[in-house]
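The next block holds one structure in the form of structure tokens; read it before the comments.
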Amino acid sequence: MCSRFTLTSKPVLVGSHFGLAEIDDFPPRYNIAPTQPVGIVRTGYHRQREFALVRWGLLPDWVKDPGAFTTLVNARAETLTQKPSFRSAFKYRRCLFPMNGFYEWSGGKGERQPHYISTRGEAVFAVAGLWENWMGVDGSEMESAVIITTRANSTLSAIHQRMPVVIEAQHFESWLNCTSGKTDEVVDLLRPADNSFFKLQQVSILVNNPQNSGSELLRPVGQQELF
DNA sequence: CCAGACGTTGTT
DNA sequence: GTCTGG
DNA sequence: CCAGACGTTGTT
DNA sequence: GTCTGG
């Protein structure tokens with residue numbers, strides 16, 4: 001699963017990595033959690049590639065009572081075309097989540113251990129996602145998005161069974177271009193990252209609480225008591 | 001036909 | 001225990 | 001994922 | 001909205 005992540009690169013760097021003409025300013029974030037506003041890259045109304053802030057937790061457009069519907073944080077890549085909640089977004093509303101790393105927990109009850117997963121150079125990378133625009137009968141609107149997961153590669157499988165789908169830069173255009181409404185050209189992109197792509201490190205349980213969101217979360221375990 | 005669901009993950 | 005909120 | 005709440009009515 | 005279950 002992927003239910004917490006970071007976005008710490010400067011906006012200008014994110015903009016250039018994702019080929020954006022412009023990008024709003026935002027602060028570094030070390031503990032992005034479900035239901036929070038989250039930045040995505042998508043193809044905008046006039047075909048331009050854009051950055052947008054939406055709610056993390058996809059709300060399908062046919063939902064009548066948002067309060068009575070589950071928060072959809074992850075979508076399984078293997079079943080995207082079958083699920084009513086994702087099928088349409090997979091065809092027409094694909095997006096990318098810029099991130100610098102994400103957290104996973106290992107261990108059983110009472111001994112849960114958080115880990116931080118990032119690239120070797122702490123570089124920003126892209127995770128595959130879907131977005132929706134929900135409209136209520138009272139005219140209210142909400143944009144939301146979900147992260148696509150697949151089976152863990154062998155690096156990650158030491159701690160977890162699933163991982164977010166990484167899209168490499170040479171595939172951004174085909175992933176984000178939804179004009180055909182066809183998915184056969186992009187399903188091949190939904191595979192685990194190469195084993196050398198990520199590294200793991202244990203981090204403090206400070207990350208457990210979404211209210212803790214500063215850079216101290218990335219201190220290696222064993223040093224957090226040295227404040 | 002209408003009613004009701006529509007999701008993922010980890011853990012037991 | 002189970003659901004909601006972040 | 002974890003943290004935190006978990007309820008109703010009438011009255012001010 | 002669309003599919004499944006009754």
Side-chain angles (χ1 to χ4, degrees), chain A residues 1-7 26-27 29-39 53-93 97 99-118 127-137 141-153 156-165 181 183 190 192 200-214 216-218 221 224:
Chain A
M1 196 177 188
C2 178
S3 48
R4 301 287 183 87
F5 66 93
T6 69
L7 178 57
F26 55 78
R29 293 171 68 192
Y30 291 86
N31 202 358
I32 299 171
T35 73
Q36 291 180 359
V38 63
L53 264 189
V54 305
R55 173 193 194 259
W56 183 13
L58 187 128
L59 188 61
D61 63 352
W62 42 260
V63 168
K64 295 192 174 73
D65 179 6
F69 198 78
T70 318
T71 299
L72 301 172
V73 173
N74 293 148
R76 294 177 64 88
E78 298 89 331
T79 51
L80 284 181
T81 55
Q82 305 155 28
K83 301 293 184 180
S85 293
F86 305 131
R87 201 173 24 203
S88 156
F90 184 38
K91 286 185 185 172
Y92 302 111
R93 289 173 301 281
F97 284 68
M99 62 178 79
N100 290 82
F102 58 95
Y103 302 98
E104 299 285 7
W105 280 256
S106 63
K109 208 175 182 179
E111 50 188 33
R112 302 284 283 159
Q113 170 65 54
H115 305 259
Y116 185 59
I117 299 94
S118 54
V127 160
L130 309 172
W131 64 277
E132 275 288 352
N133 185 16
W134 179 90
M135 287 187 269
V137 285
E141 288 187 53
M142 179 165 59
E143 291 191 318
S144 61
V146 66
I147 284 175
I148 300 173
T149 64
T150 185
R151 65 178 174 79
N153 66 20
L156 270 289
S157 62
I159 57 163
H160 216 74
Q161 297 174 357
R162 307 284 300 172
M163 71 186 294
V165 170
T183 56
L190 302 175
L200 316 178
Q201 66 189 96
Q202 289 192 3
V203 289
S204 132
I205 57 167
L206 281 174
V207 74
N208 288 7
N209 193 331
Q211 293 180 45
N212 298 328
S213 58
E216 71 275 9
L217 299 183
L218 297 188
V221 195
Q224 72 273 15

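Lettering follows sequence order; numbering is per chain, from 1.
If you measure from atom CZ of A:R151 to atom C1' of B:dT9, you get 18 Å, rounded to the nearest angstrom. Atom C1' of nucleotide B:dC6 and atom CZ of A:F90 are separated by 18 Å, given to the nearest angstrom. Protein atom CG of A:N31 is 12 Å distant from nucleotide atom C1' of D:dA3, rounded to whole Å. Atom CZ of A:F102 and atom C1' of B:dT8 are 16 Å apart (whole Å). Whole-Å rounding puts the A:N212 CG to D:dC1 P distance at 19 Å. If you measure from atom CH2 of A:W56 to atom P of B:dT8, you get 15 Å, rounded to the nearest angstrom. Straight-line distance from the OH atom of A:Y116 to the C1' atom of D:dC1: 15 Å, rounded to whole Å. For A:L206 and D:dC1, the CG to C1' distance is 15 Å, given to the nearest whole Å.
Of all nucleotides in DNA chain E, those with any atom nearer than 4.0 Å to a heavy atom of chain A start and finish, going 5' to 3', at E:dG1 to E:dC3.
For the atom pair OG1 (A:T149) and CD (A:Q161), the distance works out to 11.5 Å, reported to the nearest 0.5 Å. Rounded to the nearest 0.5 angstrom, A:N100 CG and A:Y30 OH are separated by 8.5 Å. Atom CH2 of A:W131 is separated from atom CZ of A:F97 by 12.5 Å, given to the nearest 0.5 angstrom. Here the CG-NZ distance, from A:L80 to A:K91, works out to 12.5 Å after rounding to the nearest 0.5 Å. In this structure, CZ in A:F102 is found 5.0 Å from CG in A:L156, a value given to the nearest 0.5 Å. Interatomic distance, A:R87 CZ to A:L130 CG, rounded to the nearest 0.5 Å: 13.0 Å.
In this structure, the side-chain contact (heavy atoms from CB on, under 4.5 Å) partners of A:I32, at least two apart in sequence or on a different chain, are A:F5, A:L7, A:R29, A:Q36, A:V38, A:W56. Annotation: salt bridge (charged side-chain N to carboxylate O under 4.0 Å, His left out) contacts of A:R76 (sequence neighbours excluded): A:E78.
When the side-chain nitrogen and oxygen atoms of A:T149 are compared with OP1 and OP2 of B:dT9, one or more of them lie within a distance under 4.0 Å. Residue A:H160 places at least one side-chain N or O closer than 4.0 Å to OP1 or OP2 of B:dG10.
Looking at A:R93 and A:L58, their side chains never come closer than 4.5 Å, going by heavy atoms from C-beta outward. Between A:E132 and A:L59 there is no side-chain heavy-atom pair separated by less than 4.5 Å. Residues A:C2 and A:V127 form no side-chain contact, since every pair of their non-hydrogen atoms from C-beta on lies 4.5 Å or further apart.
Helical stems in DNA chain E, defined as runs of 3 or more consecutive Watson-Crick or G-U wobble pairs with donor-acceptor distances under 3.5 Å: B:1-6 with E:1-6.
The nucleotide whose nearest atom lies closest to any side-chain atom of A:Q161 is, among B:dG10, D:dA3, D:dC1, B:dG10.
Look at the C1' atom in both B:dA5 and D:dG4: the space between them is 28 Å, to the nearest Å. Rounded to a whole angstrom, the distance from the C1' atom of B:dG7 to that of E:dC3 is 15 Å. As rounded to the nearest Å, E:dT2 and B:dG10 have P atoms that lie 32 Å from one another. Across the P atoms, D:dC1 and B:dT9 are found 9 Å apart, a figure rounded to whole Å. Here, B:dT12 and D:dC2 have their P atoms 12 Å apart, quoted to the whole Å.
Screening residues 61-71 of chain A for side chain to side chain donor-acceptor pair (under 3.5 Å) gives no qualifying pairs among residues at least two apart or on separate chains.
Residue-level contact check: A:S85 touches the backbone only, with heavy atoms under 4.0 Å from sugar-phosphate atoms and none from bases. Residue A:Y103 is out of contact with every strand shown, counting any heavy-atom pair closer than 4.0 Å. Contacts of A:G110 with the nucleic acid, taken as non-hydrogen atoms under 4.0 Å apart, are absent.
Under the 3.5 Å distance criterion, the side-chain polar atoms of A:T150 are left unmatched by any main-chain donor or acceptor of A:V165.
Contacts between residues 58-84 of chain A and DNA chain E, counted as heavy-atom distances below 4.0 Å, involve A:W62, A:P84.
Each of A:K109 and A:N208 has a nearest nucleotide on DNA chain C; the 5'-most of these lies closest to A:K109.
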